[in-house]
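Read the numbers this way: they start at 1 and go in the same order the structure lists the ligands and their atoms. Everything numeric in this text was worked out from a predicted model, so none of it was measured.
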Amino acid sequence: MTKVLVATEKPFAKAAVDGIRKIVEDAGFTLALLEKYTDPNDLVKAVADADALIVRSDKVTKEVVEAGKNLKIVVRAGAGYDNLDLAACTAKGVVAMNTPGQNSNAVAELAIGMMIFMARGLFQPGTGTEIAGKKLGIHAYGNVGKLVAKYGKGFGMEVYAFDPFVAKEAMEKDGVKVVGSIEELYSTCHYVSLHIPANDKTKKSIGYELLSKMPKGGALINTARKEVIDEAGLVKAFTERADLKYATDIMADNHAELVEKFPGRVFSTPKKMGAETAEANINAGLASARQIVGFIKNGDKTFQVNK
Ligand code: 3PG
């Protein structure tokens, strides 16, 4: 019988697991759960007899892929799939998918929340500022960026965007001002909300050069990936500019240094929480289960990312 393993170091809400189970069992498959594991070897062991795997940010390494003797499909319940070893999947004939858009609203809401949190001095006593009337830069206009733009406009922000992969007209149709370069985005906007994926081109791409261009009081909001930040460059820019701020949903490797050197100007969630809403868990979890059933029963490869 087809076995679907849900391996989530950061588990889904119960309602999402119940929904996944129903979809899997209605299809005549069985469900196995590996939750809150701390040792990556537990995943290597658990995947041994699984036909399909659902993960979140869990690392699906070459070792995991090769340990899955019957593995046919891996679905990352979420957007970013930098945690999947795509080459290993392709080499073993395993289809890798993500579930684009399913958890975007949760991440977009957090980005706006973080902007307000930084504008109001981390909710500590004192006079803050408002986000209305400020310039918001959307760095990458995908599913999350598009929603942050919409909500930013709702708050009365002037919204700009840079994304070479999205047609200018599509962004302009949303009432967003399109800039021609990353440099222009950072030098124009008080807030920049990051939505680029982590890959060989983007890793360490946001650092001193861009941050030091930001207008007075500039704040970078990172609900993307910590790997895209050049942390040493950020320290340099923040040392020179006492007005810059950084809020991140992915704790920086040098978090202790940042908090010590720049008190009140840096905030990090303790554990990535962008997609941590019941709604996002249900949307992404159930989409993953449906995609697995669609692939195993009908060969549907929509959302395959290792083509
Ligand atoms: C994503 O890429 O979908 C988000 O970063 C969510 O990641 P998570 O499922 O680990 O919370």
Side-chain angles (χ1 to χ4, degrees), residues 4-17 19-20 33-38 40 42-43 52-61 64 74-86 89 96-114 138-148 163 165 193-199 201-203 206 220-229 247-253 268-292 302-306:
V4 179
L5 172 67
V6 175
T8 44
E9 171 271 322
K10 189 171 64 180
F12 288 122
K14 185 179 177 305
V17 177
I20 293 170
L33 277 181
L34 175 69
E35 294 183 324
K36 292 188 187 171
Y37 62 96
T38 47
D42 291 350
L43 175 53
L53 175 62
I54 297 175
V55 292
R56 294 185 65 178
S57 288
D58 307 75
K59 288 203 173 11
V60 180
T61 58
V64 171
V74 176
V75 182
R76 191 283 190 243
Y81 47 87
D82 46 302
N83 54 319
L84 309 183
D85 186 330
L86 294 186
C89 289
M97 293 185 184
N98 66 347
T99 65
Q102 299 291 347
N103 58 18
S104 306
N105 190 66
V107 181
E109 287 189 11
L110 184 73
I112 296 286
M114 281 180 148
I138 309 292
H139 190 165
Y141 203 76
N143 292 310
V144 182
K146 193 177 163 74
L147 284 170
V148 175
D163 193 329
F165 302 102
S193 192
L194 260 182
H195 304 293
I196 52 177
N199 56 39
K201 287 208 174 88
T202 61
K203 280 181 187 162
I206 313 298
L220 179 68
I221 310 295
N222 184 6
T223 55
R225 292 288 182 270
K226 69 174 179 183
E227 289 81 3
V228 302
I229 305 294
T248 179
D249 185 32
I250 320 90
M251 193 169 281
D253 291 335
S268 174
T269 52
K271 196 171 174 74
K272 189 162 69 148
M273 61 175 293
E276 283 293 73
T277 64
E279 294 90 336
N281 281 189
I282 291 167
N283 292 342
L286 271 56
S288 305
R290 287 194 194 102
Q291 287 173 213
I292 285 170
T302 312
F303 304 124
Q304 183 176 3
V305 291
N306 62 334

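- Scanning for side-chain contact (heavy atoms from CB on, under 4.5 Å) contacts around P100 gives N98, N143, F303, with sequence neighbours left out.
- Annotation: M273, atom CE; neighbour count of heavy atoms from other residues, nucleotides and ligands within 6.0 Å does not exceed 12.
- Remark: A96 engages L84, L86, C89, V305, N306 in a side-chain contact (heavy atoms from CB on, under 4.5 Å) (not counting sequence neighbours).
- Sparse packing is recorded around OH of Y81, with 12 or fewer heavy atoms of other residues, nucleotides or ligands lying under 6.0 Å away.
- Using a 4.5 Å heavy-atom threshold, the side chains of K10 and E276 count as touching.
- Scanning for side chain to side chain donor-acceptor pair (under 3.5 Å) contacts around T61 gives an empty result, with sequence neighbours left out.
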Give one line per pair: atom of ligand 1, protein atom, distance. Only N/O to N/O under 3.5 Å.
residue	atom	partner	partner atom	Å
ligand 1	2 (O)	R76	NH2	3.3
ligand 1	2 (O)	G80	N	2.8
ligand 1	2 (O)	R225	NH2	2.8
ligand 1	3 (O)	A79	N	2.6
ligand 1	3 (O)	N103	ND2	2.9
ligand 1	5 (O)	R225	NH1	2.9
ligand 1	5 (O)	R225	NH2	3.4
ligand 1	5 (O)	K272	NZ	2.8
ligand 1	7 (O)	R76	NH2	3.0
ligand 1	7 (O)	K272	NZ	3.0
ligand 1	9 (O)	R56	NE	3.0
ligand 1	9 (O)	R56	NH2	3.4
ligand 1	9 (O)	R76	NH1	3.2
ligand 1	10 (O)	K10	NZ	3.3
ligand 1	10 (O)	S57	N	3.4
ligand 1	10 (O)	S57	OG	2.5
ligand 1	11 (O)	K10	NZ	2.8
ligand 1	11 (O)	R56	NH2	3.0

